[in-house]
Amino acid sequence: MKKILFMLVCLLGSHVVAVGRPNFVFLFTDDQSYKAMGCMGNTEIHTPNMDQLGAQGVIFDRHYNTTAICMASRASVMTGLLEYKHGCNFQHGSMTRAIFSKSYPVLLQQAGYYTGFAGKFGFAVTDEVSKNSGHNSYDQLPVDSFDDWAGGVGQTDYQTSKNEYIKQYADTYPHSTRAYGAWAIDFIEKAKGSGKPFCMSLFFKASHLPFNPDPFFDDLYEGKTFSKPANFGPENGEHLAEQPKQGRQYLSYHKKNGYFTKYDEVKRGYYQLISGVDYAIGMVRAELEKQGLAENTVIIFSSDNGYSEGVHGFSGKCLPYEEPSRSPMIIYDPRRPGNGARTPAVTAGIDVAPTLLDLAGLPIPANMDGKSLLPLLENKEPRVREFLPLMQLFGSAPTLSLAVVSEDWKYIYWAYEDDGMEAVEELFLNSKDPREMTNLAADPESRQQLEEMRSAYDAQLVHWKGNALNYNDYAQYADVFNREIEWDAKKDLYHKSAISNYKKELKSKKEQ
Ligand SMILES: [Ca+2]
């Protein structure tokens, strides 16, 4: 039926298409913890616009990134593909243009949408397979794939003047977060003038390190102190496996990240960056109202990964634990408002692309791993999947892992066995133990659930084996993470593929 409707509106001409299809505003932050919004119960952060969006739309309480690191996560969000199918991460390589040609911005543009991108793109798109995963020049970014481009290279910069495509806003908005808001206002006006439906992807640099927030918001957190979560600090990580403690997520906690030595100061900077984004969201929404577009514009708000903020002794992201792998997710579709509904369904960054396509009435490519969230928005289904994989394929070799998560449970397998470690299984009842303080893998009463989660994990590896790209170091991980293959038979594969500064980090740790 949808296809017939789509053909009809196409036949009737572009004006009808513009009226019949929603516009999209996709607001995307960097490294924002799922806890860092008022509407997630946080009373210490100031996010009135995020909270309003949540009060009007649907809040996804269990939203994950299947890879919790900028580059791979962004590639998954754009393509709806798991990392081992899009091939893109630090230490692995770029995305081919052929794969990017099936991303949501390209598919929406082909279907008649006016498309725009601003901010941190975060991964390279190249004609040929490339081990070079840099995205530090514009010829590695798909500038020509958008009608309006204001993306930056690499990590981009908080100083507006240092970003080529938004520097014209530097006088009024010297910090890039509000400058992106100003760019969005101009984009919305141009998009309206195009007579087409539009899709604007606004990818903020905030709240990524360095925590250099906009001084415009200095008053918000001046002198404030912040509570620590109950699972804060290494004393609440003693029950966890040794493998995840061998990477920079753990080491940086003890060295430079500051969550241990200057918690309130770090938190002030982080929250102030997020409040800056919140303000820019207000700028965007006011412009949608002003242009008369608010009633037909779907707003999606999310982040590329979460943030540990010192829990269990970890900082940063990457790991499959709740704080680093979960991120905020709100969808507000004014045609089907959720009015603050919340769902415990397990959702992920890979669901963004299929959801956008579905809302636009377009077919979802069969190759996409993500699911349309439309059944959740319409309250027609309680969930879109039973199990979701979480993969960590960047950094120190021991920290590489695969996990699977369901609404109730999470199973993590740490395969690494050198340096005195043995493979470890972790099983958490997340629905009752969201802070992951009790590993139930050896609990006799959880034996059945352990077996179920092991089966889901093994099934994911079968999918991996059958679908992984044969380049950029992905295929071999189907064996590396296999529970049935002995360490001696796979350790060479592991070390060959894990381009790691692990030994250097370990040496540094011992010297402290
Ligand atoms: Ca990130």
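In each ligand, atom 1 is the first atom listed, and ligand 1 is the first ligand listed.
Side-chain contact check for E436 and N231: no donor-acceptor pair (N or O, by modelled atom type) lies under 3.5 Å.
Of the possible donor and acceptor atoms, one in the side chain of K245 sits under 3.5 Å from a partner among the backbone N and O of G237. Put simply, the side chain of S76 gets close to the backbone of L81: a donor and an acceptor are under 3.5 Å apart.
Between the OD1 atom of N305 and the OD1 atom of D304, the angle taken at the Ca ion (ligand 1) works out to 80° after rounding to 10°.
With a cut-off of 3.0 Å, the Ca ion (ligand 1) has no N, O or S atom of H208 in range.
Annotation: cation-pi geometry satisfied between K205 and Y158 (NZ/CZ under 6.0 angstrom from ring centroid, within 45° of ring axis).
Of all N/O/S atoms in D30, OD1 sits nearest the Ca ion (ligand 1). Checked against the Ca ion (ligand 1), the N, O or S atom of D31 at the shortest distance is OD1.
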